[in-house]
Every structure is written in structure tokens, then in C-alpha cells.
Amino acid sequence: MKVAIMGAGLSGLACAITLEKNGIYPTIFEKRSQVGDRFVNGEAFLPALNRPINDCYAFLAEEHGIYLQPLSNIKKISLFSENNQASLHGHLGFLNVRGRDYDSLECQLSRQVKSEIIFNSEYTYENLLQDYTHIVVVTGDAAYTAKIQDFQQELTVTLRGVTVEGKFDNRHVGIWLNYSLAPQGYGYLLPFSEKEATITLGYPDYTHNQSLDIDSLWSQFFVRVCKDYKQEFRVTDKFEVTRYIMGICHNPRIGNTFFAGNCFGAMMPAFGFGQLPAILSGIYVAKDLCGLGHYEELVKPLRQSYKNSLAIRRVLESFDNHKLDTLVKVINSEVANKLIDSSRINLLKMLGFLLRPYLITGARNNLQKK
Ligand SMILES: Cc1cc2nc3c(=O)[nH]c(=O)nc-3n(C[C@H](O)[C@H](O)[C@H](O)COP(=O)(O)OP(=O)(O)OC[C@H]3O[C@@H](n4cnc5c(N)ncnc54)[C@H](O)[C@@H]3O)c2cc1C
């Protein structure tokens, strides 16, 4: 068996580590010059969206022998709508860094990989088909998957972010649900130390959003974040991601080609969380290749989470700022706090189920707007 992994990101590296544990040494092809060679940004794992996995770091170590360290654990989330504010407290998740940083998740994974990584790779899928018996497509970009098979693209997203210097509690996250600032999207502040944080604004590229002036939205959003944090942040770095695809592939496996990470459909459309599904799908490909399971079966729960997440996105998209204000008010209640902090409740599953009746109305409204 000769395995080629196309992409040394979260999914590809998790796949390689799992293969190696079972005696298979793949060749990894990475188009960039080193692992994580991209902008630095803070990202998060929120267990409320991943349950029954409560502590993804403990889970990956104990169940899969993959050892990662977070930057910090989240103890507080502040939610800001146009006119309301909510605070959630508890064991709410973990923060990590991505990209060109020694501690980024991809760099941590790459230090556990023994197989060869060919950097600056220009190999195409067709090239790899000639020389390898099995190919894992994990380029993090569904555009590639769509060339090979049917890919159900739901939306693309524009993201703009900055690194700022300021004073932060590195266990406190801020989220803005305000459609005047992020139409049908949201903004967030994730600290990655007590002095630095990533501030990001993201919204879908629907036709009615395409005339929006991102510079103007960004300035308003940034002013609002500074006001809510009562600080004047100093920008030290910037990034922009355009047309980031959210969708899911029709076939997780075609012949001896496997699609994992974002190439499978790891990005959860409601809030854009894709790290854990990306790592898990990479592990599941390896399990299949080692005769320890069937990839199509193993990814079924990820496909279900994707559907639940999409249902939530469609409902949220049908809201206006008034409804977001109400939502944030409800979330501020003791009961909502307990639900989110409870280790037994999968919020994605529960909301996906509860909100399904509203989905039809929401989808209809959205279609009319597009
Ligand atoms: C701004 C932003 C913020 C995010 N925030 C969060 C968050 O807070 N929480 C969360 O859970 N998720 C978040 N996500 C999503 C998460 O980062 C992704 O779902 C996850 O990284 C996908 O992993 P992957 O392995 O599929 O792709 P990646 O980790 O992106 O890896 C893909 C790799 O393939 C390489 N590659 C590309 N093309 C080729 C090619 N042709 N040949 C060889 N190599 C190639 C790339 O260079 C890269 O190294 C965020 C995404 C973005 C963009």
C-alpha cells in the first residue's frame, strides 16, 4: 500500500500520525514551504457543539494517541447583540493558535509525524494517482473536491481579521451577533495571550451582501469592539479570507481516494467550527486504511452535525437584530447558562432538532432575499 496525503494541515497530519501508529508511512505533499505557513490567528473548540466529546484534548490523547496542548481554557464568553449583552460562565472550551507559530495546532501535529513531507509541492491529484495506491485529499479547500466529485456548496464567507495588542483575560472570549456589523454573520475576539488577540468579522457572500463595503463594516465593527472592551487596540497584523467555502461532499470516498477535513465538509456552517471534525475525519481515513473501520460509516456523525449546524445557520439567517437582541437576552438567563455548561447536552444536536420547524420559513425568507 502506497499512501499519498495531499495537504499537511490538521486533517492530513492527524491522518499521517494514525497511519504511522499502525505501521503505514505515507508521503505527505504540502504546497507551502512549511507546515502552518500562513497568517497567525486564534481559533477555538467549543464542547457544547461537539458533545459527547467534552474535552477534545483529553479525547484525542486517550482515544487516538494524538497529543496537543491548548493555549488556554475558556471560562467566560461575552455575547453582544445590538442592544443586549450576555455572559456565559463555566468550562466553555479551549483556545488555540493557528498558522506560523511554534505552538499552532498544525505545528504541534507536525512534530509528531515521522513520514516524509514534500514541501512546495506542485503535484496534482492526477500526478499522485499515477504513483500511489491510495490518496487522501486534505487541501483544506473544497474547490479541489468539487473538481473531482459532487460537492454540495451551501455558501461562501468573507472573513477579515486582525491581531491586536491590548490587555486581555486569556480565558475570556467576545462574540458579536449584530447584523448591522456582520450581516447574517458574526464577529469575535479570541485572545491568544494576555497581550494579544485576534479580532475577526465574517459574513456570507449572498448576492444581497455583495454590494457591502467591507471597509466600512470593519471600521464600525472595530469601533464597537474597542468600546465594548473599553480599550484602544493597536493593530499589529491583518488577514483576509475571501470566498471561504462551506459545504459537504457527496462521497467521502471514491475508489481509493478519500476526502477529509474541509474537503469532506468539516466546516460547520452555523459558526464555522471545523478543527475537531477535520482532525477526526483524518483519523477515520487512517482507521479505514488500517482495516479498523469503514470511512463512510465513521463520518456519519460528522455528516449529521453538519446538517444540524446548517439548520441553525438557516434559522439565524432569518433573524433580524431585534430577534438577536431577544436571543442574547434569553442566553443571559441562568437556565441557558446551565444548559451550555452541562456536560451532557450537545447544543448543536438539540438546537438543530428544536429549530427544524423554523427552518422552512427561514429558508423561504432567505431565498426571497437572495
Ligand atoms: C479565519 C478562520 C477562523 C477559523 N476559526 C475556527 C475556530 O475558531 N474553531 C474551529 O473549530 N474552526 C475554525 N476554522 C475552521 C478550521 O480552521 C478548518 O475547518 C480546519 O483548519 C480545516 O482543516 P483541514 O485539514 O481541512 O485544512 P487546513 O488545516 O487548512 O490544511 C490544508 C493544508 O493543505 C495545503 N494545501 C492546499 N492546497 C494544496 C495542494 N494543492 N497540494 C498540497 N497541499 C495543499 C494547505 O497549504 C494546508 O497546509 C476557522 C477557519 C478560518 C479560515
Side-chain angles (χ1 to χ4, degrees), residues 4-16 27-47 49-50 56 70-71 74 93-100 104-107 109-110 117-128 135-145 147 156-163 173 175 185-190 192 198-202 238-246 249 259-283 285 302 305-306 309:
I5 296 180
M6 201 176 177
L10 296 190
S11 197
L13 295 169
C15 180
T27 307
I28 305 165
F29 295 84
E30 169 55 50
K31 102 174 162 185
R32 294 190 168 120
S33 60
Q34 59 187 53
V35 170
D37 189 15
R38 65 140 165 109
F39 59 87
V40 176
N41 69 313
E43 297 195 6
F45 289 97
L46 296 188
L49 307 175
N50 297 323
C56 57
L71 286 179
I74 305 169
F94 294 97
L95 290 170
N96 64 272
V97 70
R98 296 291 307 275
R100 230 174 278 119
S104 74
L105 282 194
E106 49 272 60
C107 289
L109 286 171
S110 75
I117 306 181
I118 296 175
F119 290 107
N120 301 310
S121 164
E122 291 182 1
Y123 283 83
T124 63
Y125 170 66
E126 290 74 18
N127 295 148
L128 297 177
I135 299 165
V136 189
V137 181
V138 274
T139 52
D141 179 356
Y144 205 95
T145 318
K147 284 187 197 156
T156 67
V157 179
T158 291
L159 293 153
R160 180 176 282 192
V162 294
T163 301
V173 165
I175 299 176
Y186 71 113
Y188 55 84
L189 181 150
L190 303 181
F192 45 89
T198 298
I199 302 176
T200 310
L201 176 74
K238 292 180 185 176
F239 66 86
E240 195 146 331
V241 181
T242 50
R243 305 197 69 76
Y244 194 64
I245 299 171
M246 293 198 192
C249 73
F259 299 86
N262 286 0
C263 296
F264 157 71
M267 277 291 285
M268 297 294 142
F271 307 107
F273 285 85
Q275 297 190 114
L276 188 59
I279 294 173
L280 288 177
S281 56
I283 293 171
V285 170
L302 299 182
S305 297
Y306 176 90
S309 184

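Computed from heavy atoms alone, side chains included, the values below leave out hydrogens, waters and symmetry copies. Order of listing sets the numbers, starting from 1, for every ligand and every atom in it.
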Contact set, ligand 1, heavy-atom distance under 4.0 Å, ordered by chain/number, equals M6, G7, A8, G9, L10, S11, F29, E30, K31, R32, N41, E43, A44, R98, V138, T139, G140, L159, Y188, F239, Y244, G261, N262, M267, G272, F273, G274, Q275, A278

List, one per line, each side-chain donor-acceptor pair under 3.5 Å for residues 262-276, sequence neighbours excluded.
| residue | atom | partner | partner atom | Å |
| --- | --- | --- | --- | --- |
| N262 | ND2 | G140 | O | 3.4 |
| N262 | ND2 | Y244 | OH | 2.9 |
| Q275 | OE1 | N96 | ND2 | 3.1 |
| Q275 | OE1 | R98 | NH1 | 3.4 |
| Q275 | NE2 | A44 | O | 3.4 |
| Q275 | NE2 | N96 | OD1 | 2.9 |

Is there a side-chain contact between L302 and S281, using heavy atoms and a 4.5 Å cut-off? yes

Correct closest heavy-atom pair for L109 and A14 would be CD1-N, 4.5 Å

**Prompt:** Are any of the side-chain heavy atoms of L95 and F192 separated by less than 4.5 Å?
**Reply:** no

Side-chain contact, heavy-atom cut-off 4.5 Å: R100 with D37? yes

* Step by step, work out the side-chain hydrogen bond (donor to acceptor under 3.5 Å, both in side chains) result for E122 and N120. => CA-CA 6 Å; E122 291 182 1; N120 301 310; over 6 Å; no

